[in-house]
Chemist: 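I'd like to ask you about the structure that follows.
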Amino acid sequence: MKGRIVPANKEWIAEAGQMIRAGALVAFPTETVYGLGADATNGEAVARIFDAKGRPTFNPLIVHVLGLEQALIIGVFSPIARQLTEAFWPGPLTLVVSRVATSDVSDLVSAGLTTIALRSPDHPVARALLAEAHRPLAAPSANRSGHVSATRAEHVGEDIGDKAALILDGGQTFLGLESTVVSLVGDVPVLLRPGAVTAEAIEEVIGGRLARHEETGKRLTSPGQLASHYAPRAHLRLNAYDWQPDEAILAFGAIPQRPAHAFINLSESGDLVEAAANLFAALRALDASGAMSIAATPIPPNGLGEAINDRLRRAAAPRDQL
Ligand code: AMP
Ligand code: MG
């Protein structure tokens with residue numbers, strides 16, 4: 001039943017909602033482009049999105065919600081953020097805000113950042129799916145990394161059909177252009193990605209100028225690109241085959257437990273999906289253990305291993321690369 005394109009009627013949307021709750025990936029139309037959706041609170045389902053897209057890095061994903069009420073459980077909304085949701089939600093405006101600390105959204109969704117991108121789609125099929133799933137949906141565009149976004153169900157089928165349990169066919173998407181992404185995390189609102197809502201329309205609502213990301217310097221613009229953005233306080237040692245008892249161990253696969261300051265195995269069975277789902281929480285916990293050094297055992301370079309290794313290399317990079 002992999003990659004089955006089905007009509008986006010009531011019955012299939014109900015089925016798709018159940019599949020989402022069971023951890024499957026479902027492709028669905030939004031007013032912008034088709035999204036590849038997973039339960040944002042299920043780390044392994046989110047890891048399968050990265051696997052399906054073949055992304056070599058963990059870019060943060062947009063979380064789709066029905067509206068502000070659901071968004072408030074996940075993100076912190078300032079008065080300006082609320083104003084923007086009133087003006088443009090539901091619609092093609094994604095807001096990057098601080099995460100609510102207690103949110104049960106997987107930290108893989110925001111690639112370990114303390115911020116989260118949220119939007120409320122304005123498409124009847126996307127909204128019906130959100131209502132049926134009773135979950136926030138992490139959903140990037142439903143295409144292989146580097147390919148163009150899909151605006152028809154058949155395009156999704158051709159590109160990543162074998163990765164989605166179901167593709168809800170809602171015809172051609174209305175806009176065919178991605179959502180506008182605005183960050184409200186810093187001192188001033190910043191346009192991170194131009195999209196379907198114009199900067200001028202946003203500026204009219206906020207009553208001021210929207211900073212362009214080129215102006216704000218690298219620090220704000222592309223968090224995922226910064227070499228050591230995810231650097232733990234402790235020194236991180238990669239491809240370690242052996243360790244000292246005072247080191248904290250980030251293990252993968254069948255690694256025997258020898259004395260260590262702390263020990264977390266990302267996946268004893270060597271499952272890269274499970275490992276990706278556990279990665280950020282494990283790094284944080286090992287850092288919090290107080291060890292001066294974290295030793296990571298080798299992780300294979302294939303599949304999701306590429307993105308896991310990319311993230312570990314960034315975390316191990318010297319701070320002066322910031
Ligand atoms: P797509 O995967 O095509 O839906 O694109 C998602 C966009 O949202 C990318 O440009 C991401 O960099 C951006 N994005 C998602 N989450 C965040 C975040 N927490 N901070 C900054 N940008 C984000
Ligand atoms: Mg995309």
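Atoms considered below: every heavy atom in the structure, side chains included; atoms not considered: hydrogens, waters and symmetry mates. Both ligands and their constituent atoms are indexed starting at 1 by order of listing.
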Chemist: Looking at R209 and E215, does any basic side-chain N land under 4.0 Å from a carboxylate oxygen?
Modeler: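 Salt bridge flag = yes for E215 with R209.
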Chemist: Does an N or O from T115, backbone or side chain, lie closer than 3.5 Å to an N or O of ligand 1?
Modeler: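 Looking only at distances, the answer is yes, because the N/O contact criterion of under 3.5 Å is met.
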Chemist: Heavy atoms only: which of R55, H64, K53 is nearest to atom 2 (O) of ligand 1?
Modeler: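 Looking at heavy atoms only, the winner is R55.
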Chemist: With atoms numbered from 1 as shown, which atoms in ligand 1 lie under 4.0 angstrom from a non-hydrogen atom of I62?
Modeler: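 Close to I62: 4 (O), 6 (C), 8 (O).
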Chemist: For the pair R119 and E178, find out whether any cationic side-chain nitrogen is under 4.0 Å from an anionic carboxylate oxygen.
Modeler: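 So R119 does not pair with E178 through a salt bridge.
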Chemist: Show which atoms of ligand 1 fall inside a sub-4.0 Å distance from at least one heavy-atom site of L192.
Modeler: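 The atoms of ligand 1 under 4.0 Å from a heavy atom of L192 are 21 (C), 22 (N).
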Chemist: Can you list the ligand 1 atoms lying under 4.0 Å from a non-hydrogen atom of A117?
Modeler: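 In order of numbering, the contacting atoms are 15 (C), 16 (N), 17 (C).
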Chemist: For ligand 1, which atoms have a heavy atom of P140 less than 4.0 angstrom away?
Modeler: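 So the answer, numbered in order with elements, is 2 (O), 4 (O).
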Chemist: Between T94 and ligand 1, which part of the residue brings a heavy atom under 4.0 Å of the ligand: side chain, backbone, both or neither?
Modeler: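 Neither; no heavy atom under 4.0 Å.
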Chemist: No waters, cut-off 2.8 Å: how many protein N, O or S atoms are close to the Mg ion (ligand 2)?
Modeler: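 Counting protein N, O and S atoms closer than 2.8 Å to the Mg ion (ligand 2) gives 1.
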Chemist: Where's the contact between S141 and ligand 1, heavy-atom distance under 4.0 Å: side chain, backbone, both or neither?
Modeler: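 For S141, backbone and side-chain atoms both sit under 4.0 Å from ligand 1.
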Chemist: Could you tabulate the donor-acceptor pairs under 3.5 Å formed by side-chain atoms of residues 282-297, not counting sequence neighbours?
Modeler:
| residue | atom | partner | partner atom | Å |
| --- | --- | --- | --- | --- |
| R284 | NH2 | D107 | OD2 | 2.8 |
| D287 | OD1 | R233 | N | 3.1 |
| D287 | OD1 | A234 | N | 2.9 |
| D287 | OD2 | R233 | N | 2.7 |
| S289 | OG | L286 | O | 2.6 |
| S289 | OG | A291 | N | 3.4 |
| S293 | OG | E247 | OE2 | 2.6 |
| T297 | OG1 | F252 | N | 3.1 |

Chemist: Could you list the donor-acceptor pairs under 3.5 angstrom formed between side-chain atoms of residues 195-208 and any protein atom two or more places apart in sequence or on another chain?
Modeler:
| residue | atom | partner | partner atom | Å |
| --- | --- | --- | --- | --- |
| T198 | OG1 | A201 | N | 3.1 |
| E203 | OE2 | L210 | N | 3.0 |
| E203 | OE2 | R212 | NH1 | 3.3 |

Chemist: Given side chain to side chain contact (heavy atoms under 4.5 Å, CB included), test I299 with L272 step by step and report yes or no.
Modeler: CA-CA 9 Å; I299 292 172; L272 289 165; 3.8 Å; yes
Chemist: On a heavy-atom basis, I'd like to know which of R99, H213, R193 is closest to atom 5 (O) of ligand 1.
Modeler: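 Selected option, by shortest heavy-atom distance: R193.
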Chemist: Does S183 have a non-hydrogen atom less than 4.0 Å from ligand 1?
Modeler: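 Heavy atoms of S183 never come under 4.0 Å of ligand 1.
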Chemist: Among residues at least two apart in sequence or on other chains, which ones pass side-chain contact (heavy atoms from CB on, under 4.5 Å) with N143?
Modeler: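 side-chain contact (heavy atoms from CB on, under 4.5 Å) list for N143, sorted by chain: K53, S141, H147, S149, D159.
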Chemist: State, without any angle test, whether S179 and T94 hold a side-chain donor-acceptor pair at a distance under 3.5 Å.
Modeler: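 The answer is yes; a qualifying pair exists.
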Chemist: Nearest heavy atom to atom 13 (C) of ligand 1 wins, so pick from I49, I116, V63, V181.
Modeler: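 Minimum heavy-atom distance to atom 13 (C) of ligand 1 goes to V181.
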Chemist: Does atom CG of N302 have more than 12 heavy-atom neighbours from other groups under 6.0 Å away?
Modeler: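 It does: N302 CG has more than 12 such atoms within range.
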Chemist: Please tell me if the side chains of D310 and F58 come closer than 4.5 Å, counting only heavy atoms from C-beta onward.
Modeler: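 With C-beta onward as the side chain, the pair stays apart.
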Chemist: Quick check against the 3.5 Å criterion: does R127 have a side-chain atom that pairs as donor or acceptor with the backbone of D122?
Modeler: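 Between the backbone of D122 and the side chain of R127 there is no qualifying donor-acceptor contact (under 3.5 Å).
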Chemist: Examine distances only and state if a side-chain atom of E132 and a backbone atom of I13 form a donor-acceptor pair shorter than 3.5 Å.
Modeler: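 No, E132 side chain to I13 backbone: no donor-acceptor pair under 3.5 Å.
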